[in-house]
*Asks:* 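One structure, as C-alpha cells, below. Some questions next.
Heavy atoms only: backbone and side chains are in, while hydrogens, waters and symmetry mates are out. Note that ligands are numbered from 1 as they come in the structure, with each ligand's atoms numbered from 1 the same way.
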Amino acid sequence: MNFTCMSCKSRYPLESNKWKCECGGLLGLEYEKDVPDLSKTSLLRDHSIWKYIDALPFVKDDIWQEITLGEGDTPLIKIAENVYAKAEYYMPTLSFKDRGAVLLIAMAKKLGMDRVVADSSGNAGTAIAAYGARAGIQCDIFVPASTSSKKIKQIEAHGAVIHKIPGTREDTAKAAIAMVEKTNAFYASHIYNPVFWEGTKTYVYEVFEQMDGKMPDAFIIPVGNGTLLMGAYLAFKELMASGQIAEMPKILAVQAEACAPIVQAFVQGRNTVEPMENDGTVAEGIAIAAPARGTEILQAIRASDGDVIGVTEDRIIEARKELALKGMYVEITSAVNYAGYVQYVEKYPELKEQQVVLPLCGAGIKSD
Ligand SMILES: *Cc1c(COP(=O)(O)O)cnc(C)c1O
Ligand SMILES: [Zn+2]
C-alpha cells in the first residue's frame, strides 16, 4: 500500500508518515482491493462498514476490530416522492465523519503512532477524538475559536487536547500543520489523508444496497473540503469498474452561498479554485474558503455530469425548520442539503421525477 503523488507520481509507503509530497503535491492511495458484489453484502448480518473489508485498506483480522464502534448502515428515510434522506446522525459520534475517522485512527494505530493531530470545523475532530480515545492514542484537535460549544464539549469529553484558534478555518489548519511539522505526529487529516475517503465511500455502497441494487439518479452532496464528495466519487468509479453500475449518478453539490469557492470556479469554467473571503455563514461545517482538494472536487462534479449551487442563509435556516417539522433534527450545516434539494428542483424541474438521495450529515444537538 502506497501514497502516490497526484502531481509528480512519486510513491511513499504509509510508514513514511507523509501527508504531502516533497513536490508539494497532494497524495492519493494505491492498494489492492476487491470491490465486493453488493447484492451479496446486503445479505450479511454485519451491519457496519467493515462488511466491505475486501474493499478497505485492512485485512479481516486486523487492529480495526479493537477500534470500531459499529459505524455504518444508517437509515434511508423517504421524505417525499422520489426523495430519500440518509440519516448519518445515527453514527457513533453523530456525524458521517465516523466512516473515515475509524479508518484513519485504525491506520495510525497499525503504524504504531501514539499521537495524532487533526484540524476540523468540529465533526471530523470529534470523530478522531472518539476513535483516538478507543485506540489509546493521544489527540490534539485544532478548531476555529468560533466552533459550536457543543462540538467542543464533545471533543473534550473524549480526552483530546483542544486548541481553539482565532481567525479563519485556514488559520486553524496552519496551526495544526505547524504542530505536525514540529512534533512529527501523525496528521489525522480528513482532507490530506486519502485513507479517509476509503471510509466515506461506504455511504454510496449502503445507498446502493438500500435501493435494492439500483443507483439513485442523483446524490445531493454538501461541499466544504469535499470529504463525502470524494468518497462518493471513488465509490462510483469502483462500482463502474466492477460492472455493478453502467452509468455514474450525478453529483449535485451544494455550498453555502456566503462561502462558495467551488461554485465560483465551476461557473467560471475553471479547473482550479481561487480562495474566497468567507462572508460568514451559519453552515460552519462547510465554510471552507480555500479547499485544498478543489481541483479534484471540480473534476468529480464534471465527470458525473453534475452541478454545484450555493444556498442563502435564509434558505438554510428555513430548511432546518422544515426538516425538524418532518421529525428530523439536524445540525444547521446539514440543512444545507435539503435547502439545496429544494433549489435544484427549481433549477431542474425534471428532478422531481428522478430518485435523489441527500445526507443528513450531523445531529441537531451539535448546534448551539
Ligand atoms: C464534514 C461535514 C460536511 C461536509 O464537509 P466536507 O468539508 O466537504 O467534508 C457537511 N456537513 C457536516 C455536518 C459535516 O460535518
Ligand atoms: Zn509530487
Side-chain angles (χ1 to χ4, degrees), residues 2-12 16 18-28 86-89 91 93-101 118-128 143 147-148 150-151 154-155 169-170 172-173 189-193 196-197 199-200 203 219-233 251 253-256 259-262 273 281-294 296-297 300-301 308 311 316 319-320 323 329-340 358-367:
N2 286 302
F3 288 133
T4 51
C5 173
M6 311 191 71
S7 305
C8 75
K9 312 287 171 212
S10 291
R11 284 202 172 86
Y12 302 95
S16 65
K18 284 257 187 278
W19 60 274
K20 225 175 159 176
C21 181
E22 271 152 26
C23 83
L26 297 167
L27 301 178
K86 191 156 168 67
E88 293 289 283
Y89 54 68
M91 283 286 182
T93 77
L94 317 180
S95 90
F96 80 83
K97 297 297 195 306
D98 294 353
R99 294 184 188 273
D119 55 288
S120 139
S121 61
N123 286 338
T126 305
I128 294 289
V143 295
T147 302
S148 140
K150 304 270 179 63
K151 291 180 186 172
Q154 209 184 348
I155 293 169
R169 174 68 182 81
E170 286 63 41
T172 299
S189 171
H190 57 301
I191 303 149
Y192 289 100
N193 195 322
F196 199 88
W197 315 325
T200 52
Y203 174 86
F219 282 80
I220 303 277
I221 305 186
V223 191
N225 277 305
T227 56
L228 182 58
L229 187 144
M230 301 296 296
Y233 182 54
I251 296 174
V254 188
Q255 297 207 287
C259 187
I262 306 284
V273 176
T281 171
V282 289
E284 63 172 5
I286 53 166
I288 308 296
R293 300 271 183 181
E296 290 165 75
I297 293 168
I301 296 170
V308 55
V311 291
I316 297 168
R320 187 186 195 219
L323 279 175
Y329 191 46
V330 300
E331 71 166 283
I332 298 173
T333 301
S334 292
V336 163
N337 310 327
Y338 184 59
L358 60 95
L360 304 176
C361 296
I365 57 162
K366 281 174 171 281
S367 297

*Asks:* Are side-chain N/O atoms of Thr93 and Asp98 paired as donor and acceptor at under 3.5 Å?
*Replies:*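 Distance-only check passes for Thr93 and Asp98.
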
*Asks:* Please calculate the SG(Cys23)-the Zn ion (ligand 2)-SG(Cys8) angle and round it to 10 degrees.
*Replies:*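 Between SG of Cys23 and SG of Cys8, the angle at the Zn ion (ligand 2) is about 120°.
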
*Asks:* Does Glu331 pair with Lys150 as a salt bridge, N-O distance under 4.0 Å?
*Replies:*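 Looking at Glu331 and Lys150, the cut-off is not met.
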
*Asks:* Please state which part of His190 comes within less than 4.0 Å of ligand 1, counting heavy atoms only: side chain, backbone, both or neither.
*Replies:*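 Contact part for His190 vs ligand 1: neither.
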
*Asks:* Checking Ser367 side chain against Ile332 main chain: does a donor-acceptor pair fall under 3.5 Å?
*Replies:*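 Judged by distance alone, yes, a pair lies under 3.5 Å.
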
*Asks:* Working to 10°, measure the angle at the Zn ion (ligand 2) formed by atom SG of Cys21 and atom SG of Cys5.
*Replies:*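 Value, to the nearest 10 degrees: 110°.
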
*Asks:* Answer yes or no: is there a donor N or O on one side and an acceptor on the other, between the side chain of Arg169 and the main chain of Ala289, under 3.5 Å?
*Replies:*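 Checking the backbone N and O of Ala289 against the side chain of Arg169, no donor-acceptor pair under 3.5 Å is found.
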
*Asks:* Mind listing the closest non-hydrogen atom pair of Val223 and Ala253 along with its distance?
*Replies:*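 Closest heavy-atom pair between Val223 and Ala253: CG2-CB, 3.5 Å.
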
*Asks:* Going by the closest heavy atom to atom 3 (C) of ligand 1, which one wins out of Lys97, Glu284, Glu331?
*Replies:*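 Of the listed residues, Lys97 has the closest heavy atom.
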
*Asks:* Considering Ala253, Cys361, Gly285, which one's heavy-atom position lies nearest to atom 12 (C) of ligand 1?
*Replies:*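 Among Ala253, Cys361, Gly285, the closest heavy atom to atom 12 (C) of ligand 1 comes from Cys361.
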
*Asks:* Any N/O of Asn123 closer than 3.5 Å to an N/O of ligand 1?
*Replies:*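 Yes; at least one N/O pair falls below 3.5 Å.
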
*Asks:* Has Thr200 got a side-chain atom pairing as donor or acceptor with Thr227's backbone, closer than 3.5 angstrom?
*Replies:*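 Checked: pair present.
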
*Asks:* Heavy-atom pairs closer than 4.0 Å: do any link ligand 1 to the side chain of Thr227, the backbone, both, or neither?
*Replies:*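 For Thr227, the contact with ligand 1 is made by both the backbone and the side chain.
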
*Asks:* Would Ser95 count as a contact of ligand 1 if the rule is a heavy atom under 4.0 Å away?
*Replies:*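 It does not; every heavy atom stays at 4.0 Å or beyond.
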
*Asks:* Under a 3.5 Å distance rule, please check whether Asn337 uses its side chain to pair with a backbone N or O of Pro359 as donor and acceptor.
*Replies:*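 Between the backbone of Pro359 and the side chain of Asn337 there is a qualifying donor-acceptor contact (under 3.5 Å).
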
*Asks:* Would you mind running through ligand 1 and noting each atom that sits below 4.0 Å from a heavy atom of Val223?
*Replies:*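 Here the atoms of ligand 1 in question are 8 (O).
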
*Asks:* Starting from atom 8 (O) of ligand 1, find the nearest protein heavy-atom neighbour and note its residue, name and distance.
*Replies:*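 Result for atom 8 (O) of ligand 1: Gly226 N, 2.6 Å.
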
*Asks:* Quick one: look at Ile286 and ligand 1, take heavy-atom pairs under 4.0 Å, and tell me if it's side chain, backbone, both or neither.
*Replies:*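 Only the side chain of Ile286 comes within reach of ligand 1.
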
